[in-house]
Amino acid sequence: TDCDNLEGKVYVKGTFASGGLTNAGAGCEGGASFGGVVGQVGPMAEDAACKVSNCHNHADMEIYSWMSTGNGSYSFTGGVVGYAKAVLENCSNNGDMAVEGKVGGFYAGGVVGSATRGGKSLINNGNLTFKPRRTVEGGGQLNGDIRLGGVAGDFSTSLTESTNNSAMTVISEDVDKKAKQMRVGGVVGRGDGGFSGNVNNGKVSVNQASGTTGITLGGVVGWLRGTI
């Protein structure tokens with residue numbers, strides 16, 4: 001609660017094993033998580049008591065991550081939290097983000113990369129540039145899902161009253177043909193649950209990879225299994 005990154009730029013560049021990387025807080029199973037305030041929130045077992053509130057990032061982020069193995073390796077990046085097993089409320093990202101990754105799966109959002117609990121009043125004010133890439137170190141390939149959003153790349157529960165105010169650019173012309181799906185949304189890339197009162201005020205631009213098996217693009221939500 002009440003956490004701020006005021007001016008400390010987050011910069012990461014390197015090759016990592018798929019067993020996990022800890023950055024700015026914690027790592028994830030089978031991948032890496034990066035956040036302007038914290039990398040990962042919540043234990044591996046689901047815990048409804050975890051909560052992130054009134055946390056704000058004001059610094060720019062540059063993340064360049066390469067996984068040493070492709071299958072099962074995922075990258076989660078968010079302006080506030082990379083991966084959240086927690087409720088998120090009244091959090092904002094105010095810094096620009098540039099995220100490039102050669103990984104099995106690529107999740108990124110202006111506030112959170114992936115979240116498994118509810119969210120309310122999340123705001124992104126930073127310009128976003130996402131570059132999922134084709135081949136990872138060691139011969140693996142980007143063969144998982146790509147989920148990108150102005151506020152959240154993936155949100156598996158309800159999200160309300162959240163806003164993206166800035167431009168999002170996705171450059172993915174060299175994604176491998178094994179990449180399963182690309183979900184891109186002005187607020188959320190892929191969502192499960194109830195979504196209401198969410199607004200996108202930013203331009204969304206996608207340079208689509210011809211090799212992906214499917215892409216869904218929405219001004220608010222790219223792909224939704226729930227209500228809006």
Side-chain angles (χ1 to χ4, degrees), residues 3 5 8-47 50-53 55-57 59-88 91-93 95-119 122 124 126 128-133 136-137 140 142 144-157 159 183 188-191:
C3 298
N5 180 16
K9 181 176 180 178
V10 178
Y11 179 86
V12 177
K13 183 175 182 179
T15 301
F16 312 106
S18 63
L21 168 76
T22 297
N23 174 69
C28 280
E29 293 180 349
S33 58
F34 308 93
V37 176
V38 60
Q40 177 179 321
V41 176
M44 293 307 175
E46 295 291 345
D47 186 348
C50 288
K51 186 175 183 179
V52 179
S53 61
C55 291
H56 308 280
N57 176 54
D60 293 342
M61 296 179 63
E62 290 186 38
I63 306 295
Y64 306 93
S65 61
W66 291 260
M67 292 298 176
S68 59
T69 57
N71 293 331
S73 62
Y74 285 77
S75 173
F76 304 90
T77 306
V80 177
V81 183
Y83 185 86
K85 289 186 176 181
V87 175
L88 303 174
C91 295
S92 70
N93 173 58
D96 293 341
M97 293 174 59
V99 185
E100 180 176 337
K102 298 179 180 181
V103 293
F106 190 97
Y107 292 46
V111 176
V112 60
S114 180
T116 64
R117 296 292 183 182
L122 308 181
N124 175 61
L128 310 174
T129 303
F130 299 136
K131 296 181 180 181
R133 304 298 295 274
V136 300
E137 300 296 325
L142 199 159
D145 292 336
I146 303 168
R147 301 177 183 177
L148 309 170
V151 172
D154 182 83
F155 220 101
S156 59
T157 51
L159 178 67
R183 312 300 193 195
V188 177
R190 181 187 184 278

Point to revise | Side chains of M61 and T77 in contact at under 4.5 Å (non-hydrogen atoms) | key: yes
Study note, to complete from the structure: Output for pair (K131 NZ, L148 CG), nearest 0.5 Å, gives 13.5 Å
Review point. Which heavy-atom pair separates G149 from F130 by the least distance, and what is that distance?
Key: O-CE1, 4.2 Å
Check your understanding: Looking at CD of E100 and CD of E62, how far apart are the two atoms once the value is rounded to the nearest 0.5 Å?
Key -> 10.5 Å
Check your understanding: Roughly how far apart are R183 CZ and R147 CZ, rounded to 0.5 Å?
Key -> 7.5 Å
Check your understanding: So, does T157 use its side chain to make a donor-acceptor pair with the main chain of R117 at under 3.5 Å?
Key -> yes
Point to revise | Minimum heavy-atom distance V41-V81, with the two atoms named | key: CG2-CG1, 3.9 Å
Practice item. Identify, with sequence neighbours excluded, every residue that meets side chain to side chain contact (heavy atoms under 4.5 Å, CB included) alongside S92. Key: H56, N94, I123
Practice item. I would like to know whether I146 and Y107 meet side chain to side chain contact (heavy atoms under 4.5 Å, CB included); could you show each step before the answer? Key: CA-CA 6 Å; I146 303 168; Y107 292 46; over 6 Å; no
Review point. Hey, which of V151, L159, L122 is the one that makes side chain to side chain contact (heavy atoms under 4.5 Å, CB included) with L88?
Key: L122
Check your understanding: Taking all non-hydrogen atoms of both residues, which atom of G110 and which atom of N124 are closest, and how far apart?
Key -> CA-OD1, 3.7 Å
Point to revise | Contact summary for A86 and K51, nearest pair of heavy atoms | key: CB-N, 3.9 Å
Study note, to complete from the structure: For N57 and V80, the nearest pair of non-hydrogen atoms, with its separation, is N-CG2, 4.4 Å
Practice item. Kindly compute the distance separating OG1 (T116) from CG (D154), expressed to the nearest 0.5 Å. Key: 9.5 Å
Review point. Quick one: ring-ring contact (aromatic ring centres under 6.0 Å, His included) partners of F155, sequence neighbours excluded?
Key: none
Check your understanding: Can you name the one residue among F106, F34, Y83 that meets ring-ring contact (aromatic ring centres under 6.0 Å, His included) with F76?
Key -> Y83
Point to revise | Spatial distance of atom OG (S33) from atom CD1 (I63) [nearest 0.5 Å] | key: 10.0 Å
Review point. Between the side chain of S156 and the main-chain N/O of A115, is any donor-acceptor distance below 3.5 Å?
Key: yes
